[in-house]
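Before any comments, here is the structure.
Below, read A as the first sequence line, B as the second, and so on, with proteins coming before strands; counting in each chain starts at 1.
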Amino acid sequence: MPRLTSEANFYFLISTFYFATMCGIAGVINSGLDRGKLERILTGMQHQLHHRGPDDRGLYLSCDGKTGLVNTRLAILDLSSAGHQPMVSADERYRIVLNGEIYNFQTLRAELEGKGETFRSHSDTEVVLKMYERYGPDSVRELEGMFALAIWDEQEQTCFLARDPLGIKPLYYYETNGATWFASELKTLLGTSLVPRRLSLEAVAGYLLFGAVSEPLTLVENVRALPAGHHLLWKHGRVRLTKYWDIQFDDEPIPEADAIELVRNALQESVGRHLVSDVPVGIFLSGGIDSTALVALASLHASNELRTFCISFDDPKFDEGSIAARTAQHFGAQHSDWRLDSATAKKLLANFLKCSDQPSIDGFNSFCISRLAQEAGLKVVLSGLGGDEVFGGYRSFRRVPQMVHASRQLNLLWPLRAGVGGILQARYSSPRIGRLGCFLQEAPTTAAAYWCMRGIFTPEEVRLLLGRYSNKDGELAPKISFYMPSQPTLEDEVSYLELTRYMRNQLLRDSDVMSMAWSLELRVPFVDRKFIETMERIPAALRLAQGKKILLNAVPEIPAWVQERPKQGFTFPFKGWVTGEWHDVFERIETESLFPFKSWYRRWCLFALDSFVQSNRIDTAPSAKSNRRLVVGKLGGSNNASKFSARSV
Amino acid sequence: MKVHVWMPDYVSAMGGIQALSRFLVRALRECLPDAEIVVFTKNDRSVPDPEENTVTRFSTVGWWAPSQRTAAFTVELLRCAVRERPDLIITTHVNFTPIAHWLKKSFKIPFIALGHGVEVWQIQSIRVRRALRSADRLLAVSEFTRKRMANALSISSNAIEMLPNTFDMQKFELGPKPHFLLKRYGLRHDQPVILTVARLSSVEQYKGYDQVLRALPAVKRVLPDVRYILGGRGPDRSRVLQLISELGVTDSVILAGYIPDYELSSFYNLCDVFAMPSGGEGFGIVFLEALACGKPVIAGNTDGSVDAVLNGRLGVLVDPGNVDEISMALMQVLSKRRPLQILKQPDALRSGVINAYGYKRFVERVREIIQPFVD
């Protein structure tokens with residue numbers, strides 16, 4: 001099972017220097033509330049976002065008192081008032097709040113200065129604002145980095161919201177009565193008490209199928225995520241959502257040597273960009289290829305001493321600590337290791353749930369490693385997240401095409417295929433075989449095969465589980481197939497899905513929330529628009545060659561012990577924990593179930609959802625049947641969560 | 001009312017037939033808000049979730065091997081039509097008409113067939129010809145296609161109604177040359193830019209990009225810093241590269257590769273003239289999009305493009321075989337010396353194309369066409 005795989009979720013560090021705009025943003029456009037009340041609500045939103053930026057805060061209210069922007073800022077060295085947000089343009093027409101990091105802001109600034117613009121601060125925010133003043137919404141196409149931003153135009157009475165191309169930084173919005181509320185976290189919107197706390201059944205179904213909520217949906221009805229690579233323009237009460245970027249792989253053949261050179265140069269440039277900073281930067285290092293490649297390339301760039309961090313376990317099956325330590329030593333990095341055991345991890349669980357925004361079957365490892373980095377005094381870290389998605393590091397890259405081909409072969413015998421699928425689903429209680437049975441009964445699309453590899457519950461199980469939350473569960477038919485733009489090969493399609501589903505909805509979302517919970521900025525050199533645009537030009541046969549061959553060739557500095565190590569996804573030993581020491585926490589979830597859960601990740605999935613529902617006081621109306629059979633008190637799993645919290649906070 | 005719409009693809013390819021098919025479905029929903037509209041597509045491997053209030057259901061067989069797909073599609077069309085008995089079938093590709101013809105004979109289900117381009121200029125199959133003659137309504141996207149289709153079927157062109165292509169006027173708007181594209185290609189703001197967007201494939205050489213390349217040396221002599229942006233990708237690329245180097249215009253040509261949908265309007269806004277002197281266009285939706293962005297267009301005078309530029313009232317028509325004529329037209333348009341005044345008036349080009357081919361007109365036409373079939 002490739003969940004929690006790979007070093008994408010794993011971590012260790014280097015150090016150099018940086019300058020940050022990390023923060024939380026929120027605001028409202030065209031609220032109908034009176035000024036005093038609006039100000040109170042905005043201040044409340046600011047408070048909710050405090051952990052994302054504890055060093056500075058700002059609030060702006062428009063002349064008519066209907067539109068407001070707030071920001072909380074994590075400043076590292078420069079806490080001058082020049083970098084304060086919301087930032088205003090020289091003519092006071094525009095106001096901006098920005099969460100994120102624009103890596104090419106100095107180049108853009110020099111270009112603008114060449115055109116006669118003058119600057120009052122050294123921040124990237126001012127550059128973004130000037131770009132917007134000059135080039136309008138198209139200006140986001142020139143920004144390199146991770147960002148979510150809002151710009152209010154007082155003169156035209158328009159508001160512009162945008163999110164980075166790959167969805168590293170989050171932004172959620174809610175429209176009601178001509179007003180639009182937005183914030184970096186879903187919890188912040190819920191905290192306003194203006195958003196009805198109703199569960200979106202469609203989102204819950206997607207969550208139970210895939211283990212993460214697929215954007216643009218959120219678990220709260222009518223609250224949407226601004227999709228990655230999109231911007232939104234609010235004008236006279238209407239919003240216009242525009243896509244400005246997407247992934248499209250190419251299939252034009254190129255010589256292997258050229259492809260290797262492309263990877264080398266693009267990754268080296270990306271790492272260089274991501275190291276630009278005024279405070280020390282670390283690297284999360286596992287025993288895998290991706291993070292080792294980052295350390296290798298960072299050691300060429302870093303002017304200061306490298307610092308790497310890792311979490312290791314007693315269970316040798318999961319332990320990568322010794323390999324990481326050896327790698328760190330090889331590159332002369334100062335290495336820190338946290339040996340995490342089940343009991344310590346259990347103590348962290350309650351705090352983890354408190355910090356979560358939307359649940360997923362992941363995130364705990366990001367939470368732990370971020371804590372380690374923060375305690376080591378670091379505010380910025382690089383992670384190898386994205387390497388598996390770009391270079392085909394998951395089993396899905398082999399299995400999904402095989403499954404699609406095999407199932408297509410059986411198209412002519414589809415009644416037989418579907419019959420076998422039905423038997424597999426009914427007779428075998430293994431979740432994996434159940435999903436395979438389900439796949440055989442469907443049209444053999446890439447999306448369905450992808451679900452078979454990555455999925456959690458089958459549509460039938462989801463229908464049963466939905467009854468825990470709603471008596472309208474019968475109105476929804478969960479589907480495992482979904483639309484995706486076609487790509488040159490099936491392998492490219494898997495890469496597209498990994499980048500736009502698993503990575504976007506799960507890895508990046510958890511990484512943002514969990515790193516910000518520890519006031520830590522996480523940077524992801526593999527998830528960079530320029531880097532991915534270059535990788536798109538390399539055909540699948542080379543880019544996705546087994547064993548990340550192209551990356552190994554492009555970064556020959558990767559030591560032999562990492563190169564020769566059999567592929568092993570980095571993961572925490574959850575299975576042992578959930579069925580062992582953590583058993584009391586998850587027990588109830590299992591005993592109340594109408595069907596056996598079998599796997600730890602299915603228990604975790606439901607546990608995290610119940611915890612979200614409980615801690616955010618989301619309204620549920622369980623169906624009568626489920627009420628009797630599943631829900632004890634209010635919500636089984638959530639009660640567990642709260643008991644657990646009370647014990648261990 | 002139940003309507004089945006049959007089409008080659010809905011999302012997986014973006015040609016004229018696909019664009020028209022999507023607008024047609026949208027318009028049908030506007031005309032028939034309560035109808036059950038089921039879309040059958042042959043080549044899509046995945047389809048969008050039925051958009052709210054637009055499509056009731058999608059059905060696709062794109063995940064069958066290409067060799068089995070036609071049979072699978074036939075079975076699917078027949079199975080659903082026999083079971084659901086739609087009140088009307090609309091097919092946007094004539095190759096599906098024999099199935100519709102059989103359904104009409106057997107179950108009295110009326111059908112409408114649409115001819116787009118080259119597929120109806122010559123119809124080899126007797127079955128398709130026979131089926132088309134039995135259609136309740138025949139539609140053509142351009143006057144040129146209508147005549148060729150009538151000819152191929154040996155019927156009067158009056159028997160074929162017109163349903164020209166349309167475009168999204170919100171997506172294609174007037175705008176300055178986008179800074180991010182000027183930067184991407186290292187262009188100056190005042191540098192003259194010629195644009196063609198077409199798939200680079202040997203079967204689509206009729207699009208005329210070869211001819212524009214051949215016309216380029218002459219244009220360069222007058223306007224030395226002219227740039228020709230050729231957008232699109234395909235197997236013809238290496239031949240195109242060779243032609244570019246033979247003509248000695250390497251420095252003046254930018255092969256932009258695949259232009260994603262979300263950047264298309266920016267490319268139109270980047271250019272000073274959109275040139276596609278095509279010899280085999282059914283209609284040419286790209287002309288409408290470029291005109292909606294207020295850009296002058298140069299089109300071929302021997303195919304459906306003639307309709308797109310209103311017989312020369314909205315754009316320049318040239319003989320696609322005549323390189324001198326093409327280079328002359330390019331030079332005149334770029335230096336604003338072409339006598340046609342409207343070429344210098346972006347607003348007039350936009351309003352002209354909206355009046356003739358705007359989506360509102362399209363919906364009105366669709367309404368008239370389906371009126372007799374509505375209860």
Quiz item: Of the backbone (N, CA, C, O) and the side chain (C-beta and beyond), which part of A/E111 lies under 4.5 Å from a heavy atom of chain B, both, or neither?
Solution: side chain
Exercise. Identify whether NZ of Lys or CZ of Arg in A/R501 sits under 6.0 Å from the centre of the six-membered ring of A/F482 and within 45° of that ring's axis.
Key: yes
Quiz item: Under 4.5 Å between any side-chain heavy atoms of A/P165 and A/Y244, yes or no?
Solution: yes
Quiz item: So which part of B/Q68 gets closer than 4.5 Å to some heavy atom of chain A, the side chain, the backbone, both or neither?
Solution: side chain
Quiz item: Salt bridge check: are A/D250 and B/R233 linked by an N-O gap of less than 4.0 Å?
Solution: yes
Practice problem: Please determine which of B/H4, B/E84, B/E36 meets the side chain to side chain donor-acceptor pair (under 3.5 Å) test together with B/R57. | Solution: B/E84
Self-check item: Interface residue of largest heavy-atom contact number with chain B, from A/T446, A/L412, A/T445, under 4.5 Å
Solution: A/L412
Quiz item: Quick one: what part of B/S238 sits under 4.5 Å from any heavy atom of chain A, side chain, backbone, both or neither?
Solution: neither
Quiz item: Which of the residues B/K183, B/R184, B/E263 is involved in the greatest number of heavy-atom pairs with chain A at under 4.5 angstrom?
Solution: B/K183
Quiz item: Between A/A447, A/S486, A/G136, A/A443, which has the largest tally of heavy atom pairs under 4.5 Å with chain B?
Solution: A/A443
Exercise. For residues A/P539 and A/E252, determine if any side-chain heavy atom of one lies less than 4.5 Å from a side-chain heavy atom of the other.
Key: no
Quiz item: So, A/R504 side chain and A/L497 main chain: donor-acceptor pair closer than 3.5 Å or not?
Solution: no
Self-check item: Heavy-atom proximity to chain A below 4.5 Å, by part of B/Y258
Solution: side chain
Quiz item: Taking A/D251, A/D138, A/V404 one by one, which has the highest count of heavy-atom pairs under 4.5 Å against chain B?
Solution: A/D138
Exercise. Please determine, among A/R141, A/R134, A/K243, the option with the most heavy-atom pairs under 4.5 Å with chain B.
Key: A/R141
Quiz item: Tell me, side chain or backbone of A/E536 under 4.5 Å from chain B's heavy atoms, or both, or neither?
Solution: neither
Quiz prompt | Heavy-atom side-chain proximity of B/V286 to B/Y268 below 4.5 angstrom | solution = yes
